J.: 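Here's a structure for you.
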Amino acid sequence: MRREASPRPVEPRALHFGDEASRQDAAHLGMWIFLATEVLLFSVLFTAYALYRLTYPGVFQQAPAHMDVFLGTLNTFVLVVSSILVALAVDAIRNGRDFAAAALLALSVLLGIAFLFIKAAEYTKHVHDGALPGAWYAYEAFALPGANLYFTLYWVMTGVHAVHVLVGVGVLVTLALRTLAGEFGARFHTPVELGGMYWHLVDVIWLFLWPLLYLT
Amino acid sequence: MRGGVQVLAVGAVLLALATLSFGLSKLHLGAWAVPVALGIALCKAVLIAFFFMHLAERPGGPRLVIGTAGVFVGILVGLVLAEAAARAWPTLPPGPFPVSRLPGTERSGPPRAAPPWLPLP
């Protein structure tokens, strides 16, 4: 049974939350504050990367030769296309095309899952090579001081990012199902916008990880 | 539909920039490789934030929050790098001294105590 897409039945209890626009402002501001904390989480990892790249410049420059640049680049395009689909989904729901929005969200979910499978294929190759993080590093073909630090950072940075992709896929699945159930429409779709923003942040983080770990 | 066209246009620019990043990595820009790659990534991030994450339609609070986060990231990375770059190089790991292993963690394998200023094989 489809519910009527309508603003939430919120009783205005305070003047500053009296209309839907104020509630949207508050929701977006809250989401940006949350995303800022995510940025600071990753910035610590990027700082560690910067410090160790400064310490072992030659090793970090050689490292992409030991990475699967094709799979990493493929994953970049997978995530960017999924971001475009989510942005199109928000545009669709704003214009009341809720079925199109749900379909676009479902497509981005598929791309998110594809990203995780490609990442798993890469991880499998690194495990096979013995390019493991920390004290487990045993990659004979790249046995230089600092090489283990590169791969430790690689595992931690892409691992934390992959967890975010997994969470993002869950968010997008929830949004797609709730959109199909008719909970969102042209008048109320704030959760779709906020969930989409989380997915875009995951994409942005990867856009910084990709050149640092695979290209330069 | 105007919004849809805008999304597709921004998306096309993002894909083009990603292709540019990949192409430039083939040219081996040396010392410029990292700044150029990060500059392109920053352009993509700004495009995504403004057009996909609705920053373009939300002046004020959200821009202040994410702008401040950006400044703080700059302070963190900048100060850490400035301090590390100002150190005398023998004090950086592994240093001109053998890396001592923790008790019980000796193992066979390639030596890892080569100082970083030696040319790499």
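For clarity, every value in this text was computed on a predicted model and none was experimentally measured. Chain A is the first sequence line, chain B the second, and so forth, proteins listed ahead of strands; every chain is numbered from 1. Any value given below was found using the heavy atoms of this structure, including those in side chains, with hydrogens, waters and symmetry copies removed.
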J.: Using side-chain heavy atoms (C-beta onward) and a distance below 4.5 Å, is A/Asp25 in contact with B/Arg58?
T.: yes
J.: Output all residues satisfying salt bridge (Lys or Arg N to Asp or Glu O under 4.0 Å) with A/Arg178, sequence neighbours left out; order by chain, then residue number.
T.: A/Glu183
J.: Which label fits B/Phe22 and A/Trp210: parallel for a plane angle under 30°, tilted from 30 to 60°, or perpendicular past 60°?
T.: parallel
J.: Among A/Thr73, A/Val81, A/Ile205, which has the most heavy-atom pairs under 4.5 Å with chain B?
T.: A/Thr73
J.: Out of A/Val69, A/Leu88, A/Leu149, A/Val44, return the one with the most heavy atom pairs under 4.5 angstrom to chain B.
T.: A/Leu88
J.: Contact part of A/Glu193 toward chain B, heavy-atom cut-off under 4.5 Å: side chain, backbone, both or neither?
T.: both
J.: Could you tell me which residues in residues 65-75 of chain B have at least one non-hydrogen atom under 4.5 Å from a non-hydrogen atom of chain A, sorted by residue number?
T.: B/Val65, B/Ile66, B/Ala69, B/Phe72, B/Val73
J.: Would you indicate whether the side-chain heavy atoms of B/Ser21 and A/Leu215 approach each other to under 4.5 Å?
T.: yes
J.: If you count heavy-atom pairs under 4.5 Å with chain A, which of B/Leu8, B/Leu55, B/Val36, B/Leu29 comes out on top?
T.: B/Leu55
J.: In terms of heavy-atom pairs under 4.5 Å with chain B, which of A/Ser83, A/Gly196, A/Gly146 leads?
T.: A/Ser83
J.: Begin with the C-alpha distance, continue with both residues' side-chain angles, and end with the deciding distance and a verdict on side chain to side chain contact (heavy atoms under 4.5 Å, CB included) for A/Val80 and B/Ile48.
T.: CA-CA 10 Å; A/Val80 171; B/Ile48 290 175; 5.9 Å; no
J.: For chain A, which candidate among B/Pro62, B/Ala33, B/Ala85 shows the most heavy-atom pairs at distances under 4.5 Å?
T.: B/Pro62
J.: Are B/Leu64 and A/Trp32 side-chain neighbours, meaning at least one heavy-atom pair lies under 4.5 Å?
T.: no
J.: Is any side-chain heavy atom of B/Leu38 less than 4.5 Å from a side-chain heavy atom of A/Leu212?
T.: yes
J.: What distance do B/Arg87 atom CZ and A/Leu54 atom CG have between them, rounded to the nearest 0.5 Å?
T.: 9.0 Å
J.: Using a 4.5 Å cut-off on heavy atoms from C-beta on, say whether the side chain of B/Val10 contacts that of A/Ile84.
T.: no
J.: Let me know if A/Val90 has heavy atoms under 4.5 Å from chain B in its side chain, its backbone, both or neither.
T.: side chain
J.: Tell me, out of A/His200, A/Met31, A/Gln61, A/Arg94, who's got the most heavy-atom pairs with chain B below 4.5 Å.
T.: A/His200
J.: Does the side chain of A/Leu201 come within less than 4.5 Å of B/Met53's, by heavy atoms?
T.: yes
